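Beneath this line is the structure, given in structure tokens, with notes to follow.
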Amino acid sequence: MRKILITNDDGIYADGIVRLARAAAEFGEVWVVAPDSERSAMSHSLTLRQPIEAWQVDFPVSGVHAFACDGRPADCVRIGVLNIVPGKPDHVFAGINYGYNVATDIQYSATAGAAFEAAFQKIHTIAFSEDAGDVHEVTDRYLKEMIAELIDKPLLPGQIWNVNFPGCRLAECNGILRERTVSNDVFFEDRYIETPVSEGRISYMVEGIRNYDAKERTDLRAILDNYVSVGIVTNIS
């Protein structure tokens, strides 16, 4: 039986990881090693020079072996692959991320960072993301179909499959677009709001302005047009 390791950056009890584990259970034995709380935007960072802890927890999906970890998503993959899953997993699934992993946002994403760590460990990996909203009709319709399609599709070293589900209603979804490239357009144009907090000190809070334009055949263009976006992303290595 396949062994599937699942992680995320939204925390072990996030709705997305629970839904992904439930779907993955139809494809093999599921192990979850995920942060004990949100660790978004940590990219591929690791914990060094200090220990990390992991402990078994109850999980809402029957039959899933679940461990919370006080480290980062890439840490979760490393200890999952090297220590927790017996004999190492056959696949790593990252997600379902709360918010798209497309365009320039991929470089910041800890979901993508965890997926790239799995690729570095020579494990076949799929990252899943969806709109940061409360409409999951498209994800729920296509998630198992995407797992079945990609779970045996080969990848070159350093590559991951990247799947993004639009946040529209199912009736508004236009289908699936494959072979999408990573857009080099900025998904969010950031600015910082300044607030004086004391003499000589200023607080800066990031505020992102969403971009609604992108080039054709890219991941960002696909989700803006209400398509499921499927493509390969290659790590810098």
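Computed over heavy atoms, backbone and side chain alike; hydrogens, waters and symmetry mates excluded. Since the structure is predicted, the reported quantities are computational estimates derived from the model, not experimental observations.
Here the NZ-OG1 distance, from K215 to T181, works out to 9.5 Å after rounding to the nearest 0.5 Å. Note that NE2 of H91 and CG of L5 are 11.5 Å apart. Values are rounded to the nearest 0.5 Å. Note that the CD1 atom of I6 and the CD1 atom of I12 stand 10.5 Å from one another [nearest 0.5 Å]. Atom CG of residue D90 and atom CD1 of residue I151 lie 8.5 Å apart, to the nearest 0.5 angstrom. Within the model, atoms CG of D36 and CG of D70 stand 6.0 Å from one another, a figure rounded to the nearest 0.5 Å. Atom NE2 of H136 and atom CD1 of I96 lie 8.5 Å apart (nearest 0.5 Å).
D140 has no carboxylate O lying under 4.0 Å from a charged side-chain N of R22, or vice versa, which leaves the two without a salt bridge. Salt-bridge formation is not detected for the pair R72/E117: no Lys NZ or Arg NE/NH1/NH2 atom is positioned less than 4.0 Å from an Asp or Glu carboxylate oxygen.
By the neighbour-count criterion of 12 heavy atoms within 6.0 Å, atom CD of E145 is densely surrounded, having more than that number from other residues, nucleotides or ligands. A 6.0 Å sphere centred on CZ of R169 holds no more than 12 heavy atoms belonging to other residues, nucleotides or ligands. Residue K88 qualifies as open at atom NZ: its count of foreign heavy atoms under 6.0 Å is 12 or below.
In this structure, H124 and L155 have side chains that are in contact, with non-hydrogen atoms separated by less than 4.5 Å.
You'll find the ring centres of F165 and Y142 outside the 6.0 Å limit.
In summary, of the residues considered (D10, N8, D9), a side chain to side chain donor-acceptor pair (under 3.5 Å) with T111 occurs for D9 alone.
Classification of the F67-W31 ring pair by plane angle, with boundaries at 30° and 60°, yields parallel.
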